[in-house]
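See structure below.
Note that the numbering runs from 1 along the sequence shown for the chain.
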Amino acid sequence: MDKQVFDIIIVGAGTAGCLLANRLSKQKDLSIALVEAGGNDNYHWIHIPVGYLYCMGNKRTDWLYKTSSQPGLNGRSLNYPRGKVLGGCSSINGMIYMRGQSKDYDHWRQLGNVGWGWDDVLPYFIKTEDNFSGSDEYHGKGGEWRVDEQRLHWDVLDDFRRATVEAGIPKISDFNNGNNFGVSYFKVNQKNGFRLNTAKAFLQPIKNRKNLKIFKNCEVKNLIIKNKIVTGLNVLKSGYEFEIVANKEVILSAGSIGSPKILELSGIGNPDILNKHGINPVVNLKNVGENLQDHLQLRVIYKLQNAKTLNQEINSVFGKIKIGMEYLFKRKGPMSMAPSQLGVFAMSDSSYEMPNVQFHVQPLSLDKFGDPLHDFPGLTASVCNLNPLSKGSVHIQSQDLYIQPEINPNYLSHTTDKKVAADSIKLARKIISQPGMKKYNPVEYAPGANFQTDDELEKVAGDIGTTIFHPVGTCAMGIQNDSVTKPNLKVNGVEKLRVVDASVMPSITSGNTNSPTLMIAEKASELILNEV
């Protein structure tokens, strides 16, 4: 194992890496290595939808990252789950199928990224999709990425949807046609009541191809660079180091935390940061690890009366038995549940032409992720700013690859984001006060009705805000010489190296980021195959 040679090396068997391995290994004269830091996705909680509760914060499936202390969150540090297993974040995420809005991608194109506008990328979304309702101008049938309806129902969510309409937000059936203004139930990446991760969808069917080799539990120490040409990787497995050589190119699909970390460990990045940690700068690329963007959610919680919610079911022995039996025999009910069922996209004030906030509405409540559910009927209207102007960074803290990078999302550092946060809480209150929710006599449990002024709401947003797990942008593509990647996703200043994952997004998409990452990989596979 001292040295192995392939045409293409893919680093990371997550959302992007699994699709790339599938598409590139179709070309039989290409040899492909897929290198993954985690292990098999054979943990049962990966595949049972509610199992995300047991995968986040679990070293078997999660990198167990934490952010730095955040001034905008009043000094708090957040857990920052990232998938460390075949399928990556698609093995531990919320399973929501969401593309974002047409303006997101048209903005990428306006920045000079030719080929990344909405009309350009829509065919790649459609290509991967297997939509339960069939194919039309926006949706595909027969792809690997199943998009299904949820397999459970809550009356209280129907009533919240009714209240949302009463608040002036339309009822719609589809969030994925380019403008997601409205209220609807989320569609999910599940199949027959099980989570569908990218390992199951794209890797499992082709894992035995003779031109594909999968390296599991292997961490990349650094890229091998000679005369600014990437020739391969140094890899560690169980303390043993070996080399994998790439004849044609290396693709980093390690995500918005992992990809900039590998670049910096290899001497590609800001020389000031590299020198600080004793790494010889090979390529001066100051924006590696910069431009970090994430969706910060504000969990507005209501205590209800006369309502059936998950809180009561999970807190009774009979309820737990009923939940288990319903899933065992029907693959339905709360165990088939995505973390959020009902979605709302809206404008936080009249100055916005398209939605700038998203609600994830849940028939449950708890003080923080990992805590038990409350002992009262509860509803959570979690709302996030879709287009935050606050930007942060990810940078190594040591040349030791086992030391986690410093993750600084810089939440609520921009005044506009603070205003949107305050307005988002007000919008949640507007919806909950409509006639559709009156019978539940809702009482605001968090942040609390005592917070009323903008200043009070902006401050308390820092107390209740938490990540919704959508980091992007740390290897952003662009046409400037100091952009980390070019529109073809090749890394500036070095040859035979590409980044293909959410880190290449120049700006965050308006919604959940998993399926946009899959689209990026689909388009990238075509770019790569057209060149090799």
Side-chain angles (χ1 to χ4, degrees), residues 1-48 55 60-61 83-92 124 127-130 140-146 189-192 194-220 232-233 235-238 240 242-255 498 500-501 514 517-518 521-522 524-529 532:
M1 286 182 63
D2 289 339
K3 182 183 288 188
Q4 298 195 46
V5 180
F6 297 86
D7 291 318
I8 295 175
I9 304 170
I10 304 164
V11 178
T15 297
C18 287
L19 183 142
L20 287 171
N22 181 301
R23 301 299 191 246
L24 299 182
S25 63
K26 277 185 178 179
Q27 190 156 319
K28 295 181 179 179
D29 60 349
L30 285 179
S31 57
I32 311 295
L34 178 62
V35 182
E36 168 57 37
N40 281 319
D41 64 330
N42 55 3
Y43 184 42
H44 65 283
W45 282 121
I46 290 174
H47 305 289
I48 298 172
C55 292
R60 180 171 180 170
T61 50
K84 188 180 182 182
V85 65
L86 290 181
C89 290
S90 76
S91 293
I92 69 172
Y124 299 105
K127 180 179 178 181
T128 60
E129 189 178 8
D130 182 28
K141 183 74 174 174
E144 297 91 342
W145 201 227
R146 177 69 179 177
N189 295 120
Q190 294 180 8
K191 193 170 185 178
N192 301 322
F194 292 103
R195 172 193 291 275
L196 184 67
N197 65 355
T198 55
K200 199 185 300 183
F202 295 95
L203 199 57
Q204 181 69 23
I206 57 96
K207 66 180 182 179
N208 293 322
R209 285 179 180 167
K210 293 181 179 179
N211 61 334
L212 172 66
K213 183 166 184 177
I214 303 170
F215 295 83
K216 289 169 287 192
N217 301 302
C218 291
E219 294 208 41
V220 175
L233 317 169
V235 177
L236 287 172
K237 180 173 183 175
S238 302
Y240 179 77
F242 62 99
E243 182 180 337
I244 308 178
V245 174
N247 287 329
K248 295 186 181 294
E249 69 175 84
V250 172
I251 304 167
L252 295 183
S253 296
R498 242 181 268 248
V500 180
D501 56 35
N514 188 248
T517 302
L518 202 63
E522 187 73 86
S525 69
E526 184 177 286
L527 291 172
I528 294 163
L529 289 172
V532 296

**Prompt:** Is there a donor-acceptor contact under 3.5 Å linking the side chains of Asn514 and Thr15?
**Reply:** yes
In this structure, CD of Glu144 is separated from CZ of Arg23 (nearest 0.5 Å) by 4.0 Å
Rounded to the nearest 0.5 angstrom, the CG-CG distance for Leu236 and Asn217 is 12.5 Å
d(Glu129 CD, Leu518 CG) to nearest 0.5 Å is 10.5 Å
Between Lys200 and Pro205, the two heavy atoms sitting closest are O-CD, 3.6 Å
Where the side chain of Asn211 meets the backbone of Leu30, is there a donor-acceptor pair that is under 3.5 Å apart? yes
Rounded to the nearest 0.5 angstrom, the CD1-NZ distance for Ile206 and Lys26 is 9.5 Å
- Query: Counting N and O atoms only, with roles assigned by atom type, does the side chain of Asn22 sit under 3.5 Å from a partner on the main chain of Phe202, one being a donor and the other an acceptor?
  - Reply: yes
Heavy-atom check, side chain of Arg498 versus side chain of Ile8, under 4.5 Å
no
- Message: Is it the case that the side chain of Asn189 and the backbone of Arg146 share a donor-acceptor pair, with hydrogens and angles ignored and the cut-off at 3.5 Å?
- Response: yes
dist Ile214:CD1 -> Arg209:CZ (nearest 0.5 Å) comes out at 11.0 Å
Query raised in the report: With a 4.5 Å heavy-atom cut-off, do Phe215 and Lys237 have their side chains touching?
Result: no
- Is there a donor in the side chain of Ser31 and an acceptor in the side chain of Asp7, or the other way round, less than 3.5 Å apart? yes
Taken to the nearest 0.5 Å, the spacing of Leu19 CG from Thr198 OG1 works out to 8.5 Å
Minimal heavy-atom distance between Ala199 and Gly87, with the atoms involved, is CB-N, 3.8 Å
Exactly one candidate in Ile92, Val85, Ile46 meets side chain to side chain contact (heavy atoms under 4.5 Å, CB included) with Asn197; the answer is Ile46
Given side chains that start at C-beta, do those of Phe242 and Cys218 come closer than 4.5 Å, heavy atoms only?
yes
Indicate yes or no for a side-chain donor-acceptor contact from Gln27 to the backbone of Asp29 under 3.5 Å, with no hydrogens or angles considered.
no
